[in-house]
Amino acid sequence: MTVANEFDIEFQFRKYLELVGLNIHTMPPYQKRETRRAFYGAWGMMLVVMRENVSEMEENDALDVLQSMQEQVEQFWTNQQKEQ
């Protein structure tokens with residue numbers, strides 16, 4: 001089975017690095033390792049939440065939950081920018 005880039009976690013990791021302005025080729029090995037671990041860990045937890053919780057919800061409720069989670073992430077990054 002061929003996996004489309006949108007569903008390839010390593011592809012998404014590299015997109016994330018671009019989004020936050022990190023260059024995988026210039027990162028120290030420890031930063032690359034720990035950033036990848038954090039990214040994959042978060043991705044894994046999202047999969048667990050999607051499979052065990054969101055998939056069991058009615059469609060409108062699931063969409064509301066997804067919207068809420070997106071807003072929480074946006075708020076986190078907004079707060080991070082303010083702290084810089």
Side-chain angles (χ1 to χ4, degrees):
M1 175 179 100
T2 302
V3 177
N5 281 347
E6 292 77 19
F7 302 106
D8 181 81
I9 299 171
E10 186 64 20
F11 174 80
Q12 293 296 333
F13 173 66
R14 289 177 184 262
K15 280 182 61 174
Y16 169 75
L17 293 178
E18 288 176 24
L19 182 67
V20 298
L22 293 172
N23 183 331
I24 197 165
H25 303 293
T26 60
M27 294 168 69
Y30 72 88
Q31 183 184 21
K32 190 184 316 183
R33 181 187 64 241
E34 295 305 320
T35 302
R36 182 178 272 119
R37 285 178 177 174
F39 184 86
Y40 272 79
W43 197 282
M45 286 306 303
M46 176 58 80
L47 291 173
V48 170
V49 169
M50 297 297 288
R51 183 186 68 229
E52 293 182 4
N53 303 108
V54 177
S55 67
E56 301 294 322
M57 301 173 86
E58 295 292 325
E59 183 177 358
N60 285 338
D61 292 336
L63 292 173
D64 288 344
V65 164
L66 292 173
Q67 180 66 37
S68 172
M69 288 190 289
Q70 181 177 347
E71 290 169 0
Q72 290 173 61
V73 170
E74 290 170 358
Q75 187 62 52
F76 171 82
W77 286 113
T78 297
N79 292 342
Q80 289 297 299
Q81 289 177 337
K82 290 177 184 175
E83 291 179 14
Q84 301 263 340

* Asked: Are more than 12 heavy atoms from other residues, nucleotides or ligands located less than 6.0 Å from atom CE of M46?
  -> no
Note to self: Under a 3.5 Å cutoff, is there a donor and acceptor pairing between the side chains of Q12 and Y40?
What the structure shows: no
Check your understanding: Does CD in Q67 sit with more than 12 non-hydrogen atoms of other residues, nucleotides or ligands closer than 6.0 Å?
Key -> yes
Using 4.0 Å as the upper bound for N to carboxylate O, is an ion pair formed by K15 and E18? no
#### Entry: L63-V54 co-clustered via ILVMFWY side chain contacts under 4.5 Å
no
Does F39, at its CZ atom, have more than 12 non-hydrogen atoms belonging to other residues, nucleotides or ligands within less than 6.0 Å?
yes
To the nearest 0.5 Å, atom CE of M69 lies from atom CE of M50 at 6.0 Å
Distance col, row F13:CZ vs T35:OG1, nearest 0.5 angstrom, shows 6.0 Å
dist R37:CZ -> K32:NZ (nearest 0.5 Å) comes out at 13.5 Å
Can you establish whether the number of heavy atoms outside E58 located under 6.0 Å from its atom CD is more than 12? no
When rounded to the nearest 0.5 Å, the distance separating CD of E83 from OG1 of T78 is 11.5 Å
Would you say V48 ends up clustered with F7 if hydrophobic residues are merged whenever their side chains have heavy atoms under 4.5 Å apart, either directly or through other cluster members?
no
Are I9 and L22 co-members of a hydrophobic cluster defined by side-chain heavy atoms under 4.5 Å apart? yes
CA sep, side-chain torsions, deciding dist, call: M57, N53, side chain to side chain contact (heavy atoms under 4.5 Å, CB included)
CA-CA 7 Å; M57 301 173 86; N53 303 108; 5.7 Å; no
Closer than 4.0 angstrom, basic N to acidic O: yes or no for E10 and R14? yes
Per side-chain hydrogen bond (donor to acceptor under 3.5 Å, both in side chains), S68 is matched among Q72, E71, Q70 by Q72
Exercise for the section: Report whether M45 and F76 are members of the same hydrophobic cluster (ILVMFWY, side-chain heavy atoms less than 4.5 Å apart, transitive linking). Expected result: no
| Counting N and O atoms only, with roles assigned by atom type, does the side chain of T26 sit under 3.5 Å from a partner on the main chain of N23, one being a donor and the other an acceptor? | yes
Common cluster, Y16/F11, ILVMFWY with side-chain heavy-atom separation under 4.5 Å: no
